[in-house]
Amino acid sequence: MNKSDLKDYAVVGKPIRRVDGPAKVTGKATYAGDLLLPGTLHGKILRSPYAHARILNIDYSRAMKLHGVRAVVTGRDFPGVRYGFMPQTRDQLPMATDKVKHYGEAVAAVAAIDEDIAEEALDLIDVEYEELTPVLTIDDAMKEGAVIIHDHMDTNIAASSKMHFGDVEKGFKESDYIREEKFTTQRVSIGFIEPHAVIVNVDNSGNVLIQGSKQSPYITWRHFCRAMDLPLGKVRIINPYVGGGFSGKHEALDLDFAAAALSKKTGFPVKIVLSQDEVIAAFKQRHAKHVEIKIGMKKDGTLVACECKMIAEGGAYASVGPFNIVIFATSGLLLPYRMSHFKYEAHRVYTNKPWCGSVRGQSIPIARFAFESLFNMMIDDLGLDQLEVRKKNSILSGESTINKMTVGTAGMVEAIEKLGEMIGWDGRKKKKAPYRGIGIACSPQVSGARMGGHFGSSAVVKVDEDGGVCLIHGGTEIGQGCDTVLAQMAAEVIGVPVEEIRQMEEDSDVAVLEAGMFSSRCTFWAGHAVKRAAEDACQQLAEIAAPLLEASKDDIVFKNKTVFSRKNPGRAIAFIDLVRNAYYTKGQPIYGRGSYSASNIPMPDLKTGEGDVTNAWAFFAQAVEVEVDPETGRVKVLKSVCTRDVGRPINPMLLDAQLEGGTVFTSGQALYEECCFDEKGRPLQNSFLDYKMPTVMEAPENEHFDIITDDPNGPFGAKGAGEGSNGTTLAAIANAVEDAIGVRIKDLPITPEKILAILKQRR
Amino acid sequence: MKRPVELTVNGVLYKLEIEPRRTLLEVIREIIGLTGTKRGCDRGNCGSCTVIMDQKPIASCLVLAVEAHGKNITTIEGVADHGHLHPLQEAFLEHGAIQCGFCTPGMVMSAKALIDNNQAPLESEIKEAISGNLCRCGGYARIVKAIASVKAKS
Amino acid sequence: MTYIRRLPSFEYVSASTVKEACAVLSNNKGKVKILAGGTDLLVQMKERKVVPEYVIGLKQISGLNKIEENGKAGLRIGTLVTHHEIARSPQMQENFTCLAKACEKIGTPQVRNLGTIGGNLCNAGPSADSAPALLALGAVLTLQTGRGERQVPLEKFFTGPFSTILEEDELLTFITIPHLKGKSGSAYHYLTKRTAVDETLVGAAAALSLKAGDDVCEDVKIGLCSVAPTPIRALKAESKLKGKKLTDGLIEEASRIASGESRPRSWAEYRRDMVAVMVKRAVTEAWHRAAANKKGSGK
Ligand SMILES: Cc1cc2nc3c(=O)[nH]c(=O)nc-3n(C[C@H](O)[C@H](O)[C@H](O)COP(=O)(O)OP(=O)(O)OC[C@H]3O[C@@H](n4cnc5c(N)ncnc54)[C@H](O)[C@@H]3O)c2cc1C
Ligand code: FES
Ligand code: FES
């Protein structure tokens with residue numbers, strides 16, 4: 001971090017320990033799977049063995065006769081209202097009714113007095129299916145006369161996006177060098193270690209209490225109420241700790257609906273914890289993508305035009321697919337480099353595979369993989385310098401993109417410069433070790449995209465009569481550290497230690513829930529709300545303090561648990577005395593509130609792709625060093641250097657950890673992770689043994705550097721940051737492999753077999 | 001048929017009647033009620049159910065509780081001493097080695113088994129020791145640093 | 001593909017002698033499963049691939065968890081010795097390097113503390129890592145029933161993926177490995193997709209001894225796993241090397257022969273290529289270890 005930029009903050013910007021750490025490191029932190037209520041029954045779900053089939057009949061009479069079974073529900077036990085992220089793509093039901101559209105889709109659920117009986121009962125449910133032809137690939141889905149998956153549609157295309165800014169044809173004409181390549185990326189599993197879990201109780205009046213492992217309880221709540229045809233007030237959602245989300249735990253899932261229906265039927269709480277097998281085989285994955293991309297540049301590397309066609313294979317339901325394909329272009333291609341002409345066409349298709357939505361980094365990692373790979377190839381073709389060309393094209397503070405996205409602060413150039421310094425770029429060409437390579441990539445990151453529907457953030461700061469502070473916000477602690485970062489902001493404003501800020505489980509009856517934990521949003525959006533709530537509480541106290549200190553209320557400062565006037569710091573009162581005064585003398589409880597909405601941003605136009613999506617852009621540059629074993633083709637990621645402009649990191653340690661984690665996570669997709677299916681659409685992996693994710697042995701060394709730009713739009717200058725390295729790692733690894741052995745792999749994962757096949761051909 | 005099983009967990013003797021089909025993990029979580037030990041996969045792949053039995057880290061999802069009869073078992077709840085965190089736990093906090101925390105109990109147990117037997121482990125030994133613990137948050141580098149910072153047995 | 005469940009119910013019998021275990025086996029043929037470390041069996045039961053009525057635990061049988069000298073026959077390893085114990089034994093690391101290395105590779109630390117060498121063989125997976133090492137070391141198994149015991153070389157043990165010559169009422173009790181003669185050394189090399197917790201794609205073990213004073217290969221055995229329905233010896237590659245002066249070129253040739261002896265099913269071409277690489281690495285390391293072996297004998 002640039003030392004000169006360190007402001008005089010007490011806790012903001014400091015690498016303090018996480019507030020949820022002590023509970024987590026002692027095993028006391030409670031996750032959904034740890035919860036029990038009196039009388040809890042245990043639920044299990046029967047899943048389809050077919051990828052595509054009509055359900056002709058379900059007979060569960062045998063299951064009901066098993067001792068200990070209390071209830072069975074099927075798709076018919078729900079109101080039949082479809083839910084989804086957008087009105088035009090509401091295509092999901094709590095459980096299949098007449099048709100299953102992917103392997104592992106829920107068809108029935110059982111509640112029993114224990115888990116063993118519930119499992120046994122699944123074998124006693126007889127389902128008659130009529131197998132249908134499964135649609136498994138983009139070709140299957142888009143070909144003439146394709147089998148149509150959704151009866152209410154006449155195509156398998158769930159959504160499309162077309163954009164054209166400038167004039168690409170003209171752009172290519174003006175270019176000195178044009179190259180076009182195809183890239184394909186695979187489905188990967190999300191891979192959180194905590195499988196989905198929920199406990200639901202429906203009381204005698206029909207009030208529903210959901211406690212689940214939810215990344216975005218708001219989304220679950222809305223989906224749930226819609227599909228169950230209930231007003232929001234009938235459903236309360238309380239969120240325990242979440243064992244990893246990575247975008248896999250936003251929506252209401254079959255287990256949530258099943259547990260609710262079973263609880264309603266039996267009158268007892270019902271708990272359902274999935275096996276990791278079910279999660280890996282049948283739950284959300286990253287889209288598989290075909291990307292055709294063409295770039296035109298000048299001899300000196302100046303980027304002129306880019307044209308891209310993308311098709312995303314997304315499985316049985318649309319989920320956030322329609323956003324995914326737009327974000328691919330807006331956040332994935334149109335930044336961080338300036339360009340004058342851009343054309344894009346994308347489709348998101350249904351197939352009979354588990355549905356895909358966002359996964360850590362949304363579609364940005366894939367877009368950056370395609371763009372930065374081709375860009376890298378072209379820079380090499382022209383014999384130019386990888387860093388210089390990237391710097392030359394990087395967007396600058398205050399500039400706008402061709403689709404009218406405005407960039408406030410932008411430290412991309414500085415980040416690239418620093419990256420070069422840290423990896424010794426200039427001296428490196430001479431002493432390059434054999435089979436070692438360095439790859440570079442850059443990426444932007446939104447600070448929470450503005451979405452349709454509820455999008456504002458709010459927070460309440462309650463100051464107790466003994467000076468304690470209770471912070472209520474709508475963010476969800478999923479490991480990203482939001483409770484710590486938000487507490488740091490509140491503590492900074494109120495002038496109390498972070499440890500004295502209490503936070504609670506997120507509760508829809510207490511807090512206004514955040515729209516969700518996505519697109520690196522929470523620090524920026526909830527951060528603003530928390531800061532404002534804390535300021536509001538301080539404002540209320542300042543009014544009481546002003547006459548006591550004979551000062552103007554605007555001069556009152558809160559610091560180190562004391563309150564004083566900026567003009568006369570010598571005369572101070574203890575924070576606790578001021579609070580007591582408020583409560584006991586004035587009879588005034590202190591209750592600050594704050595909210596934030598980026599309502600200055602018009603909803604981005606999903607059709608044209610024009611307009612702002614966020615109030616601040618963060619920028620990331622990464623260099624990855626790899627070593628390739630030329631005999632086996634195995635790639636080892638040795639080191640990652642990440643430089644970035646995130647405005648101001650509120651907690652640099654947590655930021656580093658998240659970015660390191662993002663690199664490890666994404667390196668799996670780069671090198672070996674892949675969800676495979678057989679010719680009938682049945683998954684070929686259901687465990688962490690067949691589905692390979694990085695272990696400690698795969699984790700590289702890390703170095704970091706923050707360019708401080710103190711974004712005026714961000715709370716304490718912060719921008720969204722959590723997913724930054726996901727955008728850069730795929731491309732950086734692909735570029736590094738090429739640097740190491742001259743092999744360019746354009747279809748992920750970059751497996752040893754592929755590397756060796758090319759090396760062999762060449763020998 | 002249930003069988004009598006005696007387990008000493010975190011120094012407390014539990015005299016239980018247990019069905020042979022119960023895994024040690026199920027007994028710890030569901031019968032004894034210590035939920036700090038996590039179930040991530042139930043197949044021995046992820047390490048989140050790691051406990052220390054007879055000084056060794058084991059996957060409690062792959063052990064029949066009846067076969068643990070008479071054994072001494074330490075779970076994550078037995079690592080801190082009356083509210084005083086173990087130096088390893090302090091190190092995890094200090095180095096930012098925790099994110100979602102779901103893998104953390106297993107990581108701490110693997111690490112504790114290592115440093116209980118080896119007071120100055122090499123980095124390679126540390127990595128080996130936690131190579132059976134998956135962390136999807138990806139915090140491995142920090143976890144390794146945290147463990148390395150704890151030089152001696154407490 | 002099945003989703004994992006909790007364990008099915010069964011009766012548990014803790015045997016205190018081999019005889020007792022054999023009796024339970026022969027009285028309930030087809031309904032019993034032996035439980036050693038449980039790292040394969042319990043997973044298979046959770047997957048409902050096996051649903052035994054009885055499970056016999058062997059852990060109370062004394063003597064099966066030791067590594068002992070057995071006179072001229074060599075080193076006798078009890079079936080219940082864990083991978084961890086083998087991997088960490090200095091004697092193993094020095095004299096039976098390939099086996100120590102193979103056991104160090106298996107699963108995870110948490111699995112190695114439970115899983116046994118006997119369980120690895122009896123499970124008979126094509127990718128059992130201890131098998132190539134034990135094949136290279138010329139291991140002989142002691143198999144026991146109520147009727148008596150027999151000695152079977154490991155090469156005769158596997159009959160197909162997950163199947164062996166074990167009778168329904170038969171138990172593996174000991175694995176004996178003869179001491180390597182003369183200046184000898186061994187090594188195990190394997191390939192996986194990632195570094196830890198991963199099934200072996202290609203595994204190759206080599207154990208060889210040199211004629212006193214030079215680089216002539218007196219004897220060599222090469223074991224492979226994951227490249228055929230069962231772990232196998234690469235006999236043709238062995239005879240290419242036997243009695244010859246070792247050179248990098250000769251080893252390269254033998255490795256290609258080994259590659260031809262393998263019959264992998266998936267990723268066949270890549271795996272066959274990798275057999276050559278792993279065999280080359282294993283033989284080369286075994287050679288260098290033998291050459292550096294000052295004692296002139298494995299023991
Ligand atoms: C996460 C994980 C990773 C793994 N990784 C590897 C790996 O990398 N390489 C590898 O080779 N294996 C691996 N395994 C498989 C397993 O750990 C080994 O095969 C282990 O050695 C099995 O031994 P066990 O004592 O646990 O056997 P058990 O599960 O107890 O038994 C296995 C089978 O052998 C039978 N059996 C056991 N002992 C005897 C006996 N004495 N006589 C007759 N029959 C007997 C049992 O009835 C059962 O059918 C892995 C397992 C897991 C869970
Ligand atoms: S739950 Fe035991 S290893 Fe995953
Ligand atoms: S901290 Fe989330 S899995 Fe490790």
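Naming: A, B, ... by sequence-line order, numbering from 1 per chain. Just so it is clear, the model here is predicted, and its values are computed rather than measured.
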Open item on the list: Taking the side chain as everything from C-beta on, heavy atoms only, tell me whether Val696(A) gets closer than 4.5 Å to Val144(B).
Closed with: yes

Task: Contact leader toward chain A among Val79(B), Asn133(B), Ile130(B), Thr75(B), where contacts are heavy-atom pairs under 4.5 Å - done: Ile130(B)

Open item on the list: Between Arg18(A) and Ile98(B) (side chain of the first, backbone of the second, donor and acceptor by atom type, cut-off under 3.5 Å), is there such a pair?
Closed with: yes

Open item on the list: Measuring from atom CG of Asp20(A) to atom CD of Gln99(B), what distance do you get when rounded to the nearest 0.5 angstrom?
Closed with: 10.5 Å

TODO: Identify which part of Leu36(A) has an atom lying under 4.5 Å from any heavy atom of chain B, answering side chain, backbone, both or neither.
DONE: neither

Open item on the list: Could you check whether any side-chain heavy atom of Met653(A) comes within less than 4.5 Å of a side-chain heavy atom of Glu94(B), counting everything from C-beta outward?
Closed with: no

Open item on the list: At a 4.5 Å cut-off on heavy atoms, which part of Leu655(A) comes close to chain B: side chain, backbone, both, or neither?
Closed with: neither

TODO: Return yes if some donor-acceptor pair links the side-chain N/O of Tyr140(B) with the main-chain N/O of Val664(A) below 3.5 Å, else return no.
DONE: no

- [ ] May I ask you to check whether over 12 heavy atoms, not counting those of Lys28(A), lie within 6.0 Å of atom NZ?
- [x] no

Task: Heavy-atom contact with chain B under 4.5 Å, split by part of Thr666(A) - done: neither

Open item on the list: Quick check on Glu90(B) against chain A: is it the side chain, the backbone, both or neither that has a heavy atom closer than 4.5 Å?
Closed with: both

TODO: Applying side-chain contact (heavy atoms from CB on, under 4.5 Å) between Thr35(B) and each of Asp34(A), Leu35(A), Thr30(A), report the one that passes.
DONE: Asp34(A)

Open item on the list: With a 4.5 Å cut-off on side-chain heavy atoms, are Arg136(B) and Pro694(A) touching?
Closed with: yes

TODO: For each of Pro15(A), Ser687(A), Gly481(A), tally heavy-atom pairs with chain B at distances under 4.5 Å, and name the one with the top tally.
DONE: Ser687(A)

Task: Which atoms of Ser131(B) approach chain A - backbone, side chain, both or neither, heavy atom under 4.5 Å - done: both

Task: CD (Glu125(B)) with more than 12 external heavy atoms under 6.0 Å - done: yes

Task: From CZ (Phe246(A)) to SG (Cys100(B)), nearest 0.5 Å - done: 6.0 Å

- [ ] Evaluate the side-chain proximity of Arg39(B) to Val273(A): yes if any heavy-atom separation is below 4.5 Å, no if none is.
- [x] yes

- [ ] Taking atom CD of Gln55(B) as the centre, report whether more than 12 heavy atoms of other residues, nucleotides or ligands fall under 6.0 Å from it.
- [x] no

- [ ] Among the options Gln480(A), Glu115(A), Arg360(A), Met693(A), pick out the one with the most heavy-atom pairs lying under 4.5 Å from chain B.
- [x] Met693(A)

Task: Nearest-0.5 Å distance, CG of residue Asp116(A) to CZ of residue Arg22(B) - done: 4.0 Å

Open item on the list: Less than 4.5 Å to any heavy atom of chain A: does that hold for the side chain of Lys127(B), its backbone, both, or neither?
Closed with: both

Task: From Ile76(B) atom CD1 to Lys24(A) atom NZ, the distance as rounded to the nearest 0.5 Å - done: 13.5 Å

Task: Max heavy-atom pair count under 4.5 Å with chain A, selected residue of Glu77(B), Arg21(B), Glu30(B) - done: Arg21(B)

- [ ] Give the member of Asn702(A), Asp277(A), Asn651(A) that has the highest number of heavy-atom pairs under 4.5 Å with chain B.
- [x] Asp277(A)

Task: Top contributor to chain B contacts, counting heavy-atom pairs under 4.5 Å, from Ala657(A), Ser275(A), Gly245(A) - done: Ala657(A)

Task: Selection from Gly101(B), Cys103(B), Gly139(B), Ala97(B) maximising heavy-atom pairs under 4.5 Å formed with chain A - done: Gly101(B)

Task: Distance, nearest 0.5 Å, that separates CG of Asp690(A) from CZ of Arg43(B) - done: 7.0 Å

TODO: Test Phe102(B) against Phe192(A) for ring-ring contact (aromatic ring centres under 6.0 Å, His included), laying out the working first.
DONE: CA-CA 9 Å; Phe102(B) 201 77; Phe192(A) 37 71; 9.6 Å; no

Task: Heavy-atom pair of closest approach, residues Ala141(B) and Glu660(A) - done: CB-OE1, 4.1 Å

Task: Proximity breakdown for Ile478(A) and chain B, heavy-atom pairs closer than 4.5 Å - done: backbone

Task: Option that, when pairs with chain B are counted at under 4.5 Å, heavy atom only, ranks first among Gly244(A), Gly191(A), Gly33(A), Gly21(A) - done: Gly191(A)

Task: Validation row: Leu93(B), Pro22(A) side chains within 4.5 angstrom (heavy atoms) - done: yes

TODO: Check Arg142(B) against His704(A) and note the closest heavy-atom contact, atom names and distance.
DONE: NH2-NE2, 4.4 Å

